[in-house]
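Naming convention: chains lettered A, B, ... in sequence-line order (proteins, then strands); numbering from 1 in each chain.
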Amino acid sequence: MPEEVPVLQVDGISKSFDGVEVVSNVSLKIYSGETISILGPSGSGKSTLLRCINWLEKPDRGDVYLAGKRVGRKEDDQLMSDHELASVRTQMGMVFQSFNLWPHFTVLQNVIEAPVHVLGVSKDDAVVRGEHLLEKVGLEAKRDAYPYSLSGGQKQRVAIARALAMSPTVMLFDEPTSALDPELVGSVLQVMHDLRDSGMTMVVVSHEMRFAREAADRIVFMSDGIILEEGTPEEIFKAPKHRRTQEFVAEISR
Amino acid sequence: MNADVPRGRWEIFVETFFRQDLIDEYSGAILQGMVVTIEIAILVVLCGLALGLVLAMIRAYRVWAINVVITVFVDVLRALPPLVLILLVYFGLPLVGLNFSSFVVLWLVLTLVLAAFAEEIFWAGILSVHKGQWEAARSTGLGFSETLAYIIIPQAVRMTVAPLTNRTIAITKNTALGTVIGVSEILNQATTAQSFSGSATPLMMGAIAYIVLFIPIVALGRWIETRFAWRRA
């Protein structure tokens with residue numbers, strides 16, 4: 001069987017802020033339909049790694065490949081133009097900790113904005129698809145509401161629908177439940193579970209251990225900017241090899 | 001008028017500021033002045049705000065050389081008293097062969113002054129839109145210009161309505177400065193009538209004309225402020 005091309009390949013990514021290296025030479029392969037959970041203590045570089053994947057942060061070194069195609073730089077090492085980079089980003093949906101819904105748009109407008117202006121989908125088609133996505137995240141009744149009137153959990157589900165509206169090949173989640181009240185976490189995790197079950201490739205940076213344990217195919221444990229350990233949830237939670245991982249697992253399962 | 005009959009202060013006041021015969025005589029001229037003031041005001045507000053917004057948007061691209069030019073333009077125009085600029089342009093440009101009517105000079109100067117202040121206000125608005133709004137837009141594949149136009153500017157404009165309205169009203173009132181170069185706006189009509197009649201009544205008529213003109217604009221500004229004071233997500 002020929003070797004499968006990873007949907008997402010991170011190849012030796014490093015990123016520093018003010019001389020401090022936050023991500024050090026990290027490499028990672030993610031295959032189609034996989035859900036990867038990136039765990040690690042605060043400041044371990046997990047969010048920065050995720051943001052380097054779609055070039056919201058420009059990596060200092062290393063490359064990202066999406067379905068075998070280089071992200072951010074062209075074949076000749078030149079930086080991609082704003083337009084080229086934007087076009088690559090359409091294939092990577094991103095969900096943020098702080099939702100970042102556009103407050104001047106209704107829920108439905110948030111979802112159809114990019115399909116209409118980036119993909120050139122007709123407004124009518126975008127609305128039909130947008131309504132379908134809102135139904136999927138359980139918010140079809142809120143289509144004409146403005147973001148301020150939604151709960152955190154509802155906002156995050158709209159944000160997920162907004163990302164899905166571009167039909168991305170990969171979904172990146174940056175601590176999607178960290179800003180939510182505990183009772184609102186469940187609805188967002190449910191949507192993420194459904195998404196995983198539908199075969200979406202997902203990279204999830206989160207403190208949500210239950211999700212990592214139940215939904216992740218693979219867990220990546222990061223500390224101080226490097227990947228310390230990688231394995232199935234079983235391996236990481238039952239028999240962590242590295243001392244830092246053991247400490248982390250002990251800490252969070254207390 | 002019978003000088004032997006001592007007049008009360010109230011009569012003197014009315015006689016000075018509200019002489020009926022002068023009101024009848026000059027209301028036509030004051031109305032003409034109002035038309036001119038309204039014309040200039042509308043042109044200044046439309047052109048000044050549009051230019052200010054365009055400059056703020058250009059500045060968002062952060063091209064160093066262009067931003068230096070914009071910053072210098074804005075700072076100079078904010079530092080200069082508009083009257084100085086009006087006189088400089090009106091009496092200076094003909095010397096280099098450029099002849100503009102006093103109406104055009106007043107429009108041009110006030111437009112540039114409003115544009116300078118509006119640029120600073122819009123720019124502050126652009127900067128105050130949270131970084132996450134940019135990131136969310138860029139992550140969905142919107143380009144820089146699309147993000148600026150569809151996501152950032154609509155939010156920046158809503159946030160700046162209050163300072164913008166105040167500044168716009170303040171600068172629009174400067175149309176009265178046109179009188180020194182002979183633009184036949186309200187104050188010019190009033191002072192002309194005052195020197196013919198030797199009475200303060202035309203000046204009072206001018207003042208009332210300004211109030212009639214600007215009170216609705218101030219009220220409109222307040223309405224716009226409440227209309228756009230929407231809650232942030």
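When all heavy atoms of B:A136 and A:F96 are compared, the closest pair comes out as CA-CE1, 3.6 Å. Here the closest heavy-atom approach between residue B:R138 and residue A:R89 is recorded as O-CD, 3.1 Å. For A:F105 against B:Y150, the heavy-atom pair with the smallest separation is CZ-O, 3.6 Å. Closest approach of A:V118 and B:T140 over heavy atoms only: CG2-O, 4.4 Å.
Heavy-atom contacts from other residues, nucleotides or ligands closer than 6.0 Å to CD of A:E75 number 12 or fewer. With a 6.0 Å radius and a threshold of 12 heavy atoms from other residues, nucleotides or ligands, A:D76 has its CG atom above the threshold. The number of heavy atoms from other shown groups lying within 6.0 Å of CZ (B:R222) does not exceed 12. Atom NZ of A:K123 is surrounded by 12 or fewer heavy atoms from other residues, nucleotides or ligands within 6.0 Å. Within 6.0 Å of atom NE2 in A:H193, more than 12 heavy atoms from other residues, nucleotides or ligands are found, so the atom counts as buried in its surroundings.
Using a 4.5 Å cut-off between heavy atoms, B:E135 contacts chain A through both its backbone and its side chain. For chain B, the nearby parts of A:D82 are the backbone and the side chain; heavy atoms of each come within less than 4.5 Å. Only the backbone of A:M92 comes within contact range of chain B, judged by heavy atoms closer than 4.5 Å.
Atom CD1 of residue B:I151 and atom CG of residue A:N110 lie 7.5 Å apart, to the nearest 0.5 angstrom. Interatomic distance, CZ of A:R162 versus OG of B:S139, reported as 6.5 Å (0.5 Å rounding). Here A:H117 contributes atom NE2 and B:T147 contributes atom OG1; the two are 11.0 Å apart, rounded to the nearest 0.5 Å.
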